[in-house]
*Asks:* 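Structure in structure tokens, see below.
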Amino acid sequence: MASPRLETYCCPNRDAATQLVVNFQPEVFCGVCIGSASVSLLLTILQLLPKKGQTPWKMLKASSSSTILLLISICDILGGLGIIFRSSIWLGFPSFIANISVVNGTDMWPSAFCVGSAMWIQLLYSAGFWWLFCYAVDSYLVIRRSAGLSTIVLYHMMTWGLAVLLCVEGIALLYYPSLSSCENGLEHAIPHYVTTYVPLLLVLVVNPILFRRTVSAVASLLKGRQGIYTENERRLGTEIQIRFFKIMLVFIICWSSNIINESLLFYLEMQPDINDMPLKNIRSAALITWVIMGVLNPMQGFLFTLAFYGWTGCRVDLKWRKSEIPWESLSSSTVGENAYPSPVNYQTSIHDPKKIPSTDSQQTDEAISMLSEGNTSSDERLTRSSPIYQGW
């Protein structure tokens with residue numbers, strides 16, 4: 001799982017609270033992390049692969065929102081690989097791991113592994129947080145018609161730039177003046193914890209506000225096109241709202257244990273002796289949330305794909321077809337097969353395109369379709385492409 005305690009453990013003079021959780025049943029805990037990360041990794045890849053019965057078409061205009069969602073999944077996959085690698089080394093080479101605690105040791109590889117693997121996990125999950133924040137911003141800007149394909153370049157610069165900057169800054173302050181002689185006391189570790197949790201708290205606080213504003217803007221756009229709010233338009237607005245709710249629900253489920261665990265460990269660090277009997281319940285709660293983190297953090301990747309796309313099925317189609325189906329034929333077939341229209345073909349299914357020459361109406365439909373991708377019925381999803389095709 002992802003925790004700043006992983007980097008703190010690399011210091012030979014680590015604090016007692018970090019020692020408590022990291023040394024708690026390490027074999028069992030690493031096994032839990034490997035199991036959870038492996039299951040999430042396999043199911044996430046299964047979700048993203050093209051499926052039989054789906055039409056592998058590409059949108060005429062690649063959606064920045066769908067690209068961001070795919071990048072979030074990629075960050076989760078790479079972060080899960082880091083968890084599997086770190087936990088596997090921890091289980092398979094206990095003598096190698098024991099050298100991390102050696103003060104002024106001559107073997108630098110245990111410390112390099114400890115720092116490198118912890119930074120890899122933190123960097124990838126931190127980048128995923130920033131991408132999730134960018135998704136909320138992009139959703140709002142798309143509805144406000146202020147975003148486009150060129151914006152994705154700015155998102156890349158902001159996401160990777162801030163993720164690398166905060167990670168390097170936190171590590172540099174944590175290991176000052178050197179890895180073998182980290183400063184004692186809680187003060188030197190606080191900047192590292194702050195840089196780790198800033199993007200997480202940003203998503204928890206700001207994303208719900210942006211999602212709420214986006215939903216309100218969608219409702220205003222749908223009402224403004226014809227001056228009425230039909231059942232289909234109301235259903236589409238509800239689908240977008242449910243999608244945002246599922247994204248935030250998954251995020252809260254996977255990361256609330258980290259905030260609780262860190263609060264408990266900070267409280268223990270401020271005590272003269274964390275082994276006092278009155279602190280037994282606090283220690284137990286910290287250890288329980290630590291194990292929960294090992295289960296829920298890696299599962300974020302798979303749970304997010306469910307929130308983004310729903311369950312895409314198990315019938316994987318590995319035959320990559322290069323031909324693209326014309327947009328018009330896809331639109332007509334989709335409308336004929338479904339009881340209510342696909343958000344991607346929203347304009348075609350509700351209004352006669354010959355009667356709507358307005359470019360603004362087309363732009364509105366395109367913007368709304370970007371937000372509602374993947375939130376349709378199971379029958380309708382068969383006419384869509386797999387997430388691996390969206391946005392590229």
*Asks:* Could you tell me whether the side chains of E169 and T195 share a donor-acceptor contact shorter than 3.5 Å?
*Replies:* no
*Asks:* With no hydrogens and no angle check, is any side-chain donor or acceptor of D15 less than 3.5 Å from a backbone partner on A17?
*Replies:* yes
*Asks:* As an exercise, state the distance from CD1 of I282 to NZ of K280, rounded to the nearest 0.5 Å.
*Replies:* 13.0 Å
*Asks:* To the nearest 0.5 Å, tell me how far L132 CG sits from I72 CD1.
*Replies:* 4.5 Å
*Asks:* Check whether I209 and I240 end up in the same hydrophobic cluster, where Ile, Leu, Val, Met, Phe, Trp and Tyr are linked by side-chain heavy atoms less than 4.5 Å apart.
*Replies:* no
*Asks:* Measure from the side-chain N and O atoms of D76 to the backbone N and O of P298, and report whether any donor-acceptor pair falls under 3.5 Å.
*Replies:* no
*Asks:* Going by heavy atoms in the side chains, are V250 and K246 under 4.5 Å from each other?
*Replies:* no
*Asks:* Under the side chain to side chain contact (heavy atoms under 4.5 Å, CB included) rule, what do Y267 and L279 come out as? Steps first, then yes or no, please.
*Replies:* CA-CA 10 Å; Y267 177 78; L279 300 176; 3.9 Å; yes
*Asks:* Can you check side chain to side chain contact (heavy atoms under 4.5 Å, CB included) on N99 and F113, steps first, answer last?
*Replies:* CA-CA 11 Å; N99 289 331; F113 161 76; over 6 Å; no
*Asks:* Run the side chain to side chain contact (heavy atoms under 4.5 Å, CB included) check on C114 and I100 step by step: do they pass?
*Replies:* CA-CA 7 Å; C114 183; I100 296 176; 3.7 Å; yes
*Asks:* So do the side chains of Q300 and L303 get within less than 4.5 Å of each other, counting heavy atoms only?
*Replies:* no
*Asks:* Is there a side-chain contact between Y155 and W160 (heavy atoms, below 4.5 Å)?
*Replies:* no
*Asks:* First locate atom CD1 of I252, then atom CG of L296, and finally report the distance between them rounded to the nearest 0.5 Å.
*Replies:* 13.0 Å
*Asks:* For atom CD of E262, decide whether the heavy atoms of other residues, nucleotides or ligands shown that lie under 6.0 angstrom number more than 12.
*Replies:* yes
*Asks:* A side-chain contact here means heavy atoms from C-beta on lying under 4.5 Å apart; do L91 and I34 qualify?
*Replies:* yes
*Asks:* How about L204 and I259: do any of their side-chain heavy atoms sit closer than 4.5 Å?
*Replies:* yes
*Asks:* Under 30°, 30 to 60°, or over 60°: which ring-plane class applies to W290 and F29, parallel, tilted or perpendicular?
*Replies:* parallel
*Asks:* Before giving the answer on salt bridge (charged side-chain N to carboxylate O under 4.0 Å, His left out), spell out for E269 and R5 the whole-Å C-alpha distance, their side-chain angles and the decisive distance to 0.1 Å.
*Replies:* CA-CA 13 Å; E269 285 185 34; R5 299 288 168 175; 2.4 Å; yes
*Asks:* Examine L42 and L124 and state if one hydrophobic cluster contains both, with Ile, Leu, Val, Met, Phe, Trp and Tyr joined whenever side-chain heavy atoms are less than 4.5 Å apart.
*Replies:* no
*Asks:* Return yes if some donor-acceptor pair links the side-chain N/O of T312 with the main-chain N/O of Q47 below 3.5 Å, else return no.
*Replies:* yes
*Asks:* What's the shortest heavy-atom distance between S256 and I253, and which atoms?
*Replies:* OG-O, 4.0 Å
*Asks:* Using the six-membered ring wherever Trp is involved, compare the ring planes of F211 and F244 and label them parallel, tilted or perpendicular (cut-offs 30° and 60°).
*Replies:* parallel
*Asks:* Kindly say whether A37 contributes a backbone atom to a donor-acceptor pair with the side chain of S40 at under 3.5 angstrom?
*Replies:* no
*Asks:* Any chance you could measure S65, atom OG, to L70, atom CG, to the nearest 0.5 Å?
*Replies:* 12.5 Å
*Asks:* Are the ring centres of H156 and W131 closer than 6.0 Å?
*Replies:* yes
*Asks:* State whether the side chain of T18 and the backbone N or O of R14 hold a donor-acceptor pair below 3.5 Å, judged by distance alone.
*Replies:* no
*Asks:* Does some side-chain heavy atom of L306 sit less than 4.5 Å from a side-chain heavy atom of F302?
*Replies:* yes
*Asks:* Please say whether more than 12 non-hydrogen atoms of neighbouring residues, nucleotides or ligands are located less than 6.0 Å from CZ in F96.
*Replies:* yes
*Asks:* Ignoring hydrogens and angles, tell me if any N or O in the side chain of S111 forms a donor-acceptor pair with the backbone of M108 under 3.5 Å.
*Replies:* no
*Asks:* Let me check something: do L165 and V115 share a hydrophobic cluster, defined by ILVMFWY side-chain heavy atoms less than 4.5 Å apart, either directly or through other members?
*Replies:* no
*Asks:* Considering all heavy atoms of both residues, which atom of C33 and which atom of I83 are nearest to each other, and what is their separation?
*Replies:* CB-CG2, 3.9 Å
*Asks:* Nearest heavy-atom pair of A118 and R86: which atoms, and what distance?
*Replies:* N-NH1, 3.7 Å
*Asks:* Identify the heavy atoms of L173 and P191 that sit nearest to each other, and give their distance.
*Replies:* CD1-CB, 3.4 Å
*Asks:* Look at the side-chain heavy atoms of Ile, Leu, Val, Met, Phe, Trp and Tyr, link any pair under 4.5 Å apart, and say whether F85 and F93 land in one connected group.
*Replies:* yes
*Asks:* Are P4 and Q122 side-chain neighbours, meaning at least one heavy-atom pair lies under 4.5 Å?
*Replies:* no
*Asks:* Mind listing the closest non-hydrogen atom pair of S73 and L48 along with its distance?
*Replies:* CB-CD1, 4.0 Å
*Asks:* Calculate, to the nearest 0.5 Å, the distance between atoms CG and CD belonging to D273 and Q271 respectively.
*Replies:* 9.5 Å
*Asks:* Could you tell me whether the side chain of W120 and the main chain of L78 form a donor-acceptor pair under 3.5 Å?
*Replies:* yes
*Asks:* Evaluate Y193 against F266 for ring-ring contact (aromatic ring centres under 6.0 Å, His included), listing each step before the verdict.
*Replies:* CA-CA 11 Å; Y193 298 142; F266 263 114; 5.3 Å; yes
*Asks:* Do F129 and W255 have ring centroids that are under 6.0 Å from one another?
*Replies:* yes
*Asks:* Could you tell me whether Y197 atom OH has more than 12 heavy atoms of other residues or ligands within 6.0 Å of it?
*Replies:* yes
*Asks:* As a quick check of understanding, evaluate side chain to side chain contact (heavy atoms under 4.5 Å, CB included) for Y9 and N23, giving each step before the final call.
*Replies:* CA-CA 10 Å; Y9 184 80; N23 287 343; 3.3 Å; yes
*Asks:* Without swapping roles, check the side chain of Y175 against the backbone of E7 for a donor-acceptor pair under 3.5 Å.
*Replies:* yes
*Asks:* How many angstroms lie between atom CD1 of I121 and atom CG of N297, to the nearest 0.5 angstrom?
*Replies:* 10.0 Å
*Asks:* Using modelled atom types only, decide if a donor and an acceptor are shared between the side chain of R283 and the backbone of I274 within a distance under 3.5 Å.
*Replies:* yes
*Asks:* So, N258 side chain and S3 main chain: donor-acceptor pair closer than 3.5 Å or not?
*Replies:* no
*Asks:* Considering non-hydrogen atoms only, spot the tightest contact between G313 and L46 and give its length.
*Replies:* O-CG, 4.1 Å
*Asks:* Can you tell if the side chain of V198 reaches within under 4.5 Å of the side chain of L162, non-hydrogen atoms only?
*Replies:* no
